[in-house]
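Inspection log for the structure reproduced underneath, given as structure tokens.
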Number of protein chains: 2
Amino acid sequence: MPNSSVNEDYLKAIFYLGRDGSRVQTTALARQLGVSKPSVTSMLKRLAGKGLVDYSSGQGATLTEEGRLATMRVVRRHRLLETFLVEVLHLDWSEVHAEAEVLEHHLSARMVDAIDRLLGHPSEDPHGHPIPDAQGRLRTRELVPLGDLAAGERGTVREVRTAQSGRLQRWKELGLVPGAAVAMRSKQDLEDVMHVRVGDRELATGTEGVDGVFVEREE
Amino acid sequence: MPNSSVNEDYLKAIFYLGRDGSRVQTTALARQLGVSKPSVTSMLKRLAGKGLVDYSSGQGATLTEEGRLATMRVVRRHRLLETFLVEVLHLDWSEVHAEAEVLEHHLSARMVDAIDRLLGHPSEDPHGHPIPDAQGRLRTRELVPLGDLAAGERGTVREVRTAQSGRLQRWKELGLVPGAAVAMRSKQDLEDVMHVRVGDRELATGTEGVDGVFVEREE
DNA sequence: CCAGAGAGTTAGTCATGCCTAACAGCTCAG
DNA sequence: CTGAGCTGTTAGGCATGACTAACTCTCTGG
């Protein structure tokens, strides 16, 4: 039995919520997926039955190795799709997430290969997320939230993490896209205001406004 | 509620089986869709409840106007997808049907428009099937099965109708593709053998071998 | 110490689609 | 005219994945 669409959504959510190594809580999954807590409990049991997650009542869930591989295949499809939608179909950077979210569950291996080939085997998607390779390996980088830069520090935007198209649109207008050079000018932590140079423009913002923008620190 | 994937498969099947204007039988649908007859009965009731088909017990089913429009939207997505898979992703003519069969249920209006635009608003798919326009209008043509040509008659291949990739592959090798000029040389009806000129090649075949190849008669 | 907030579970339901078993009605061959 | 072979239906069940109601458990604050 291949994984169903819903199935894959749970795996992805467990993957993202458990990135810090912690076990993923029922409530966190319910919130993330927009379903009730009992739905999560019952689904975790089924996923455990399929060998995709480790789960014991009340202790949260983690992916098994098999579950992690299955998740990487979904993430690979998602990120290749986003790249494809932007590069080939010329859809907007800020809109492609929702499309990819649906289609990622329905692409055959043949189509994934064809897209990968057409795009020249890209290593990251338009938002800077690394694309897992066909073996499920995912490149990792040392990134920090833009807001974590100290005054005077410089860096380069590498990833923008959000599923909200409005935020993406704003960041695009501000020049906060992967590759952009940034420099933290000053921070007033008490008022939650920071001044950041983005390319050759100045930006004043609160932490919330750039939450999800990740940069590589300049050495 | 949008139509589910299964839902759309039933509508398509009713559309194709009912092209001749007849009401579509439960058994025919069950065979076409590979499900049991009771499944069909129960689904027809639900489709009738949604106003997509006319159905009364024991009398077969037909599409309502609303059902026909919904079907045209699916057919449009399917045929645009096939064209796209061949033209852009360079998948083989004979393989794309299965892919399109899945994806047709999951394309947003935005993606359909993007594909349509990228392809330059094509009027037919790689197998020669007309693509319904965005308003659900479907061009109709006077086509006859290749095997119906009388000895001496000429024509042009316009559509190849089959979901079997092996048949498509064979026809491609034989040159039986949309646009090909054909001429019926001779027919031995008793032995079910006909000799057809395809482009500049000679082909000897039985009716079965070219069942699904439709031609436009030369005036 | 105990009340309330949260986390998490069980129990019971529902909708969607699928299945088999059983039965009813029609038609046609012998 | 009778039974075999269709057609099609009803009835009852199953898996998936969701829900609400109601419960337990644990932790924390007063």
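When reading the values below, keep in mind they use all heavy atoms of this one structure, side chains included, and skip hydrogens, waters and symmetry mates. We name chains A, B, ... by the order of the sequence lines, and we start the count at 1 in each one.
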Can you list, by residue number, the residues of [range] that have a non-hydrogen atom closer than 4.0 angstrom to DNA chain C?
range	answer
residues 12-23 of chain A	none
residues 98-106 of chain A	none
residues 38-64 of chain A	A:Pro38, A:Thr41, A:Lys45, A:Tyr55, A:Ser57, A:Gly58

Run the side-chain donor-acceptor check on residues 125-133 of chain B: report pairs under 3.5 Å with partners two or more places apart or on a different chain.
| unit_1 | atom_1 | unit_2 | atom_2 | d |
| --- | --- | --- | --- | --- |
| B:Asp125 | OD1 | B:His127 | N | 2.8 |
| B:Asp125 | OD1 | B:Gly128 | N | 3.0 |
| B:Asp125 | OD1 | B:His129 | N | 3.0 |
| B:His127 | ND1 | B:Glu82 | OE1 | 2.8 |
| B:His127 | NE2 | B:Trp93 | O | 3.0 |
| B:His129 | ND1 | B:Glu159 | OE1 | 3.0 |
| B:His129 | NE2 | B:Val160 | O | 3.4 |
| B:Asp133 | OD1 | B:Gln135 | N | 2.8 |
| B:Asp133 | OD1 | B:Gly136 | N | 3.0 |
| B:Asp133 | OD1 | B:Arg137 | N | 2.9 |
| B:Asp133 | OD2 | B:Arg137 | NE | 2.9 |
| B:Asp133 | OD2 | B:Arg137 | NH2 | 3.2 |

Q | CG on B:Asn3 to OG1 on B:Thr71, rounded to 0.5 Å | A |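 So the OG1 of B:Thr71 and the CG of B:Asn3 are separated by 8.5 Å.
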Q.
Measuring from atom CE of B:Met111 to atom CG of B:Leu81, what distance do you get when rounded to the nearest 0.5 angstrom?
A. 7.5 Å
I'd like to know if [X] and [Y] make a salt bridge, using a cut-off of under 4.0 Å between side-chain N and carboxylate O.
X	Y	value
A:Arg170	A:Glu173	no
A:Glu8	A:Arg77	yes
A:Arg167	A:Asp211	no
A:Lys187	A:Glu153	no
A:Asp148	A:Arg217	no
B:Glu124	B:Arg79	no

Q | Pair B:Ser165-B:Glu95, side chain to side chain donor-acceptor pair (under 3.5 Å): steps then yes or no | A | CA-CA 6 Å; B:Ser165 101; B:Glu95 300 172 337; over 6 Å; no
(Q) Reading DNA chain D from 5' to 3', where do the contacts with chain A start and stop? Cut-off is 4.0 Å to heavy atoms. (A) D:dT16 to D:dA21
Compare side-chain N and O positions of [X] against OP1 and OP2 of [N] and report whether any pair is under 4.0 Å apart.
X	N	value
B:Ser36	C:dC19	yes
B:Tyr10	C:dT16	no
B:Ser4	C:dT16	no

Roughly how many Å is it from [atom1] in [X] to [atom2] in [N], rounded to a whole number?
X	N	atom1	atom2	answer
B:Asp9	C:dC18	CG	C1'	14 Å
B:Gln25	C:dT27	CD	P	13 Å
A:Arg31	C:dG8	CZ	C1'	14 Å
B:Lys37	C:dT20	NZ	P	12 Å

(Q) So does A:His105 get a backbone contact from the side chain of A:Ser5, meaning a donor-acceptor N/O pair under 3.5 Å? (A) no
(Q) For A:Phe214, does the six-membered ring have the charged nitrogen or CZ of A:Arg161 within the cation-pi criterion, i.e. under 6.0 angstrom from the centroid and within 45° of the normal? (A) yes
Q: Quick one: which residue pairs count as a side-chain hydrogen bond (donor to acceptor under 3.5 Å, both in side chains) with a foot in residues 31-43 of chain B, not counting sequence neighbours?
A: B:Ser36-B:Ser39, B:Ser42-B:Arg46
